[in-house]
There are 4 protein chains.
Amino acid sequence: MAPDRRTNHPRPQRHRRRDREVVEAAERVFYERGYSGASVQDVADELGILKGSLYHYIDTKEDLLFRLLEEVHEDVQVIISEVAARDDLDAIGRIALYVRRTVEYNVQHLPRISIYYHDVQRLTEARRAAIFSRRKEHESFLTELITEAQRAGQADPAIDAGIVTNCIFGTAIWVYRWYRPDGKSAPVDLPDLCARFVLSGVVGPAASLTSVQSTNRLV
Amino acid sequence: MAPDRRTNHPRPQRHRRRDREVVEAAERVFYERGYSGASVQDVADELGILKGSLYHYIDTKEDLLFRLLEEVHEDVQVIISEVAARDDLDAIGRIALYVRRTVEYNVQHLPRISIYYHDVQRLTEARRAAIFSRRKEHESFLTELITEAQRAGQADPAIDAGIVTNCIFGTAIWVYRWYRPDGKSAPVDLPDLCARFVLSGVVGPAASLTSVQSTNRLV
Amino acid sequence: MAPDRRTNHPRPQRHRRRDREVVEAAERVFYERGYSGASVQDVADELGILKGSLYHYIDTKEDLLFRLLEEVHEDVQVIISEVAARDDLDAIGRIALYVRRTVEYNVQHLPRISIYYHDVQRLTEARRAAIFSRRKEHESFLTELITEAQRAGQADPAIDAGIVTNCIFGTAIWVYRWYRPDGKSAPVDLPDLCARFVLSGVVGPAASLTSVQSTNRLV
Amino acid sequence: MAPDRRTNHPRPQRHRRRDREVVEAAERVFYERGYSGASVQDVADELGILKGSLYHYIDTKEDLLFRLLEEVHEDVQVIISEVAARDDLDAIGRIALYVRRTVEYNVQHLPRISIYYHDVQRLTEARRAAIFSRRKEHESFLTELITEAQRAGQADPAIDAGIVTNCIFGTAIWVYRWYRPDGKSAPVDLPDLCARFVLSGVVGPAASLTSVQSTNRLV
DNA sequence: TATGAATGAGGCTTCATTCAT
DNA sequence: TATGAATGAAGCCTCATTCAT
């Protein structure tokens, strides 16, 4: 009842918190029903407010999707920054770290990664372009690491770096399709296992001890 | 009631051709707009008939999705059968072949693979279960190949075969997300490159010449 | 039950009739509540069909308004053509005829004239421009008649022809605001009285017998 | 409760000024979008306050419209009083004066006249009746002037005074539909030109010099 | 006074499906 | 088979109004 005296920005604070709740509700709903299959009503229900009230926080349903996808890119940026900052690691080491962090993130944020990959296409032109532009940057980061590793003789130069980038993404992102936290389907070291797979494939370090060995478990 | 006697292509034949056209129209439409975002009207438009007429071929919109997904599994079954029949290959060789064939298929059928992975969840319970059951079989096939390779000392036993299965799927299936036939983004030997990545990872055959080399280009 | 055998276009016929009913229902509803104040539901109710069914005949609510306004211009065009064709009349005679016909039309179509003048502004840009363009033509027709009368010494040259045009419109169109067919507020010769007012004003023919007299009652 | 003693502009004064701003904001908004098409939000935006705050000045949206229309009648009353007081003028002279004043007013208050004629119907029963009652008085004033002119032999007795009233209104009010202050579409003497048209019509004073001449430019 | 969140009704439009022809 | 009108539910969004702060 008494206004909050400890801060002179009481409203923005509360508003921002509510904003987060809104996006999180949308996340749960879109994850379950898909963006197109979910209704604004569903999101409002999840929040326990009326459909009309939801429009205090958004202008259109698409806003919910866009905010969600933007947040994914903000999170990804954190990972990239961390990896880029580790100049104590060589290219292979940084690739391994990148894969570990990405898998960790995906495992902890299955729903939004799922939405990210299933529903970007539902964005209208301008916003889709905005997201794709950030995605491009993200890809370039990994492609450059691979090129660097190839130049250093640490990575197979026989495969185009762009293709390797996508193969790595495949392994790291695909996790959202099969890992389920409640089951026992994945051990806690999933990020590590994925990094290992990415570096040495099915065949494993048996025949390539030195290069891979040195980068495992070091981050 | 009486079959057409003037031709050896009785009704069922023509009917089946029309059915394929219907599913293919749905494929194009669902690929572009997603299952939930596409309307029956859109599919009818794609076929050049009226919405009401489309209901001569289907009972519900969901039928279109289900038929599409069933066809994917029929196609996949062909691949699995081929790989299983190759008892001249060892486990690693068969894994490589499996990856090649899968990537080939995905590259040639981007839309339906995309729909398969984005929209299965839209099926009603019973049909979703039917699809998931076939998917499970599919996964088991690959997992068993990996287990076999591990037993034969050809594959890294340090990673759980189930996880390796999913990592391989990631690489092989992810193709549908980035490969675009019109661009120059992928060389003709994409299936081969993916198989190579799956077997030896980023590090490549440089440090593990024997095992990988022997399986390349052998199918 | 039996298809109509007398014509090979049975559907278009029925469709066109229904189209007219739709526009007429919209006319009644918009007249009573105004375009913005009327709902698509109201129009559907007036037609005795469901709201959704109405969308077989229109794409948007605005279509109803636009069709209505277009019809007004089609009707007006008929009047203009008739007046233009009467080369047996001099300019003053044609002005008188024009006023009579316009007042007659307005009296018989109060609702759509009312809608025409109250709701054109609700049209979206492109359509509003289309209507305004036709209105401009309409005005020009009258302005030219006046100019002609002025040149012939039959009309007061002291007032700009454009302004006279608008004063005449005022008298002729304003009818829609006060004439009500059910009351006894207007005698049957309202068109004639308005024409007389337009030609000689309040003062009347008392002081200007010749010029006005000759044009009254001659059409 | 206690009035502000430091100034001779107590609360009511300030309140009244704000009230006027509110009505003026509503005027601009209703003029542009129509009463039904405008939202309370639009009016609040125009005022630069929030929608909720606007409700400190009004109880319902309809209040805004009603106040606006009441003000129109207050203004009109001023004109009528002025004309009625001019007993130095004969009936024709007073009609001319009335037309001039009305046109002047309309030209200076296009938006509210426009709203007055387009949106009275949106008022609820009781208030609409209140407005119509005042309008009736207004009309009667003019009708009586005409009857007087007819009795005095100054006006054409061939047309019913009620109809002439409406014809005059048509000319004088219609101005709001075509006059636009920014264009060069109207000379400064528009009120005079309209009065002249009303008195002598299209034909003009050419054939009726005396009666009309004597009333021009005399007010 | 002013704010802004919330309400609940209603508005425009789309949609999957049905059915008489 | 094909049509196209009709249905009824639902979807996205806006709105007038209220109220605690």
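Note: hydrogens, waters and symmetry copies are ignored here, and every other heavy atom, side chains too, is used. Lettering follows sequence order; numbering is per chain, from 1.
- Each of Tyr57(B) and Gln41(A) was assigned the nucleotide of DNA chain F with the nearest heavy atom; the assignment lying further toward the 5' end belongs to Tyr57(B).
- Ranking dT1(F), dT7(E), dC13(F) by closeness to the Ile49(A) side chain, first place goes to dT7(E).
- Protein atom CG of Leu65(A) is 13 Å distant from nucleotide atom P of dC12(F), rounded to whole Å.
- Following rounding to the nearest Å, Asp63(A) (CG) and dT14(F) (C1') show an atom-to-atom distance of 15 Å.
- Residue contacts shown for Ala38(D) are limited to sugar-phosphate atoms, with no base heavy atom under 4.0 Å away.
- Nearer the 5' end of DNA chain E, as judged by each residue's closest nucleotide, is the contact made by Val40(C), out of Ser36(B) and Val40(C).
- Here the straight-line distance linking atom NE2 of His109(C) with atom CD of Glu71(C) works out to 9.5 Å at 0.5 Å rounding.
- Of the side-chain N and O atoms in Arg18(A), one or more sit less than 4.0 angstrom from OP1 or OP2 of dA6(E).
- Counting only heavy atoms from C-beta outward, the side chains of Phe30(D) and Asp42(D) never approach each other to under 4.5 Å.
- Considering only side-chain N and O atoms, Ser39(B) lies nowhere under 4.0 angstrom from the phosphate OP1 or OP2 of dT14(E).
- At whole-Å resolution of the value, CD in Glu62(A) and C1' in dG11(F) are 16 Å apart.
- Note: CD (Glu21(A)) to P (dA5(E)) measures 13 Å, nearest angstrom.
- Rounded to whole Å, the distance from NE2 on His56(A) to P on dT18(F) is 15 Å.
- The residue among Gly48(B) and Ile58(A) whose nearest nucleotide of DNA chain F lies closer to the 5′ end is Gly48(B).
- With a cut-off of 3.5 Å on both Watson-Crick or G-U wobble distances, the partner of dT21(E) is given as dA2(F).
- Remark: Arg17(A) is not in phosphate contact with dA5(E), judged by side-chain N or O atoms under 4.0 Å from OP1 or OP2.
- Note on Tyr55(D): every side-chain N or O is 4.0 Å or more away from OP1 and OP2 of dA2(E).
- Distance from the side chain of Lys51(D) is smallest to dA16(F) among dA16(F), dC12(F), dA16(E).
- Among the candidates Ile113(D), Val120(D), Ile131(D), Ile115(D), the single residue satisfying the side chain to side chain contact (heavy atoms under 4.5 Å, CB included) test with Val72(D) is Ile113(D).
- Contact between the side-chain N/O atoms of Ser53(C) and the OP1/OP2 oxygens of dA5(F) is not found at any separation under 4.0 Å.
- Nearest to the side-chain atoms of Leu50(A) among the listed nucleotides dT7(E), dC13(F), dA6(F) stands dT7(E).
- Note that Lys61(C) lies in the cation-pi zone of Tyr35(C), set by a 6.0 Å cut-off to the ring centre and a 45° limit from the axis.
- A distance of 6.0 Å or more separates the ring centres of His118(C) and Tyr117(D).
- Along DNA chain E, the nucleotide nearest Leu54(A) and the nucleotide nearest Gly52(D) are compared for position; the residue whose nucleotide lies closer to the 5' end is Gly52(D).
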